[in-house]
There are 2 protein chains.
Amino acid sequence: MAKMAPDQIAERLDAFETRCRQLGLPLTTQRHAVLRAVLEHHDHPTADQVLETVRDRVPGISRTTVYRALDTLVALGFVRRLHHAGPSARFDGQTHRHHHLICDKCHKVIDLQDESLDRLHISEVHAEGFQIEDFSVHFMGICRACRRSEPS
Amino acid sequence: MAKMAPDQIAERLDAFETRCRQLGLPLTTQRHAVLRAVLEHHDHPTADQVLETVRDRVPGISRTTVYRALDTLVALGFVRRLHHAGPSARFDGQTHRHHHLICDKCHKVIDLQDESLDRLHISEVHAEGFQIEDFSVHFMGICRACRRSEPS
DNA sequence: TGCTATTTGCAAATCAGTGTCAAGAAGGTC
DNA sequence: GACCTTCTTGACACTGATTTGCAAATAGCA
């Protein structure tokens with residue numbers, strides 16, 4: 001998963017500032033720092049991982065604020081919220097598409113990049129009033145580790 | 001989204017009883033009622049929604065038991081667990097291949113039958129030791145109801 | 001600088017799910 | 001049916017993740 005380039009991060013932060021002014025939304029140090037933290041992560045951080053990263057720049061920031069900032073960023077479309085198998089939500093500053101391998105035994109979720117899967121014909125899907133933004137393919141099966149340990 | 005027909009529900013419950021006897025797994029009232037509740041739901045209930053439904057038939061059943069019964073049913077393949085559809089896991093009694101529309105706002109899950117999606121070339125997927133049994137395509141977006149109420 | 005609406009930080013509450021353990025069925029055996 | 005063993009249940013406490021209520025602080029603006 002490629003890390004975002006510094007100039008691309010700066011560009012996104014600028015876009016965010018512009019959008020805030022457009023909406024009359026106060027552009028706080030905290031919100032700015034939270035977006036930056038998410039963009040600088042190359043993986044999909046949980047809210048707590050974001051908090052940890054943000055604290056390098058804004059030491060006193062509270063967990064609550066990070067949660068609220070993430071909510072705002074998701075609502076504005078600058079960050080995507082991902083639900084994986086674990087108990088905590090994950091956040092993603094890149095909007096690249098990815099798929100999942102889900103183990104039926106241990107419930108582990110493995111991310112999968114596959115270009116051939118990305119070319120799905122969404123338009124053909126009969127979606128009755130549902131406005132489709134994106135999709136992801138979930139593969140169910142048994143992971144390598146579980147296959148080894150339990151060759152049932 | 002089609003509700004499961006009564007005779008189909010009965011058939012699945014029978015299959016479950018048979019499987020329990022095969023495995024020497026005690027067939028308890030609670031487990032039976034939990035499976036029934038999931039099958040009778042036309043949507044994709046959370047564990048707590050299942051609990052609520054089950055209580056109509058088994059008033060004293062505890063939350064813990066419902067969670068455990070769902071675990072068992074998932075392990076036996078009678079129920080499918082859906083992550084990625086919001087903060088809480090959702091359960092699905094349909095076991096044939098189908099796809100999902102997931103609302104980003106209200107986290108509702110709508111079943112989708114689409115033959116064209118079923119013809120995905122699994123073999124092309126680079127699955128590193130993962131043995132793929134089945135797949136399902138998840139479409140994320142905004143459902144009709146949420147679009148009406150919040151035309152942002 | 002001063003005003004106002006919004007946001008922040010803290011603490012407490014809530015939510016989803018898990019762990020513990022004594023009491024209670026299920027499924028056999030006589 | 002009585003009995004026994006094993007697995008399950010229910011009550012409760014507990015964890016980690018997220019939300020809420022409210023007073024104090026701050027951004028945006030005149």
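The chains referred to below are lettered A, B, ... by the order of the sequence lines, with proteins before strands, and numbering in each begins at 1.
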Checklist entry - What is the distance from CG of L70(A) to P of dT7(C), rounded to the nearest Å? => result 15 Å
Next on the checklist: I want to verify a distance call: between dT19(D), dT8(D), dT18(D), whose nearest atom is closest to the A47(A) side chain?
Outcome noted: dT18(D)
Checklist entry - Is R63(A) touching bases, backbone alone, or none of the nucleic acid, heavy atoms closer than 4.0 Å? => result base
Checklist entry - Between H83(A) (NE2) and dG17(C) (P), how many Å, whole number? => result 12 Å
Checklist entry - Rounded to the Å, how far apart are F91(A) CZ and dT18(D) P? => result 6 Å
Checklist entry - With under 30° as parallel and over 60° as perpendicular, where do the rings of H138(A) and H84(B) fit, or are they tilted in between? => result perpendicular
Next on the checklist: I need the CG-C1' distance between L51(A) and dG16(D), as an integer number of Å.
Outcome noted: 14 Å
Checklist entry - Taking only side-chain nitrogens and oxygens of Q30(A), does any of them come within less than 4.0 Å of OP1 or OP2 of dG9(C)? => result yes
Checklist entry - L23(A) CG to dG28(D) C1': how many Å, rounded? => result 14 Å
Checklist entry - With no hydrogens and no angle check, do the side chains of D92(A) and H41(A) hold a donor and an acceptor under 3.5 Å apart? => result no
Checklist entry - Are OP1 or OP2 of dT19(D) and a side-chain N or O of Y67(A) less than 4.0 angstrom apart? => result no
Checklist entry - Within the structure, does a side-chain N or O atom of T65(B) lie under 4.0 Å from either OP1 or OP2 of dG10(D)? => result yes
Checklist entry - Starting at CZ of R31(B) and ending at C1' of dG10(D), how long is that distance when rounded to a whole Å? => result 15 Å
Next on the checklist: Measuring to OP1 and OP2 of dT8(C), would you say a side-chain N or O of T28(A) lies under 4.0 angstrom away?
Outcome noted: yes
Checklist entry - Contact class for S88(A) (heavy atom, under 4.0 Å): base, sugar-phosphate, or nothing? => result sugar-phosphate
Checklist entry - Have E17(A) and H32(A) got a donor and an acceptor in their side chains that come within less than 3.5 Å? => result yes
Checklist entry - What's the CD-P distance between Q22(B) and dG28(C), to the nearest Å? => result 13 Å
Next on the checklist: Using a heavy-atom cut-off of 4.0 Å across all strands, would you classify T46(A) as base, sugar-phosphate, or nothing?
Outcome noted: nothing
Checklist entry - If you look at every strand shown and take non-hydrogen atoms under 4.0 Å, does R68(A) touch a base, only sugar-phosphate, or nothing? => result base
Checklist outcome for this item: Contacts of R81(B) and T29(B) projected onto DNA chain C by closest heavy atom; the upstream (5') one is R81(B)
Checklist entry - Which comes earlier along DNA chain D counting from the 5' end, the contact point of L25(A) or that of D48(A), where each point is its nearest nucleotide? => result D48(A)
Checklist entry - Which class fits the ring pair H83(A) and H107(B): parallel under 30°, tilted 30 to 60°, perpendicular over 60°? => result perpendicular
Next on the checklist: Nearest whole Å is fine: how far is dG17(C) P from R90(B) CZ?
Outcome noted: 10 Å
Checklist entry - In terms of side-chain heavy atoms, does D114(B) have a donor or acceptor partner in S116(B) at a distance below 3.5 Å? => result yes
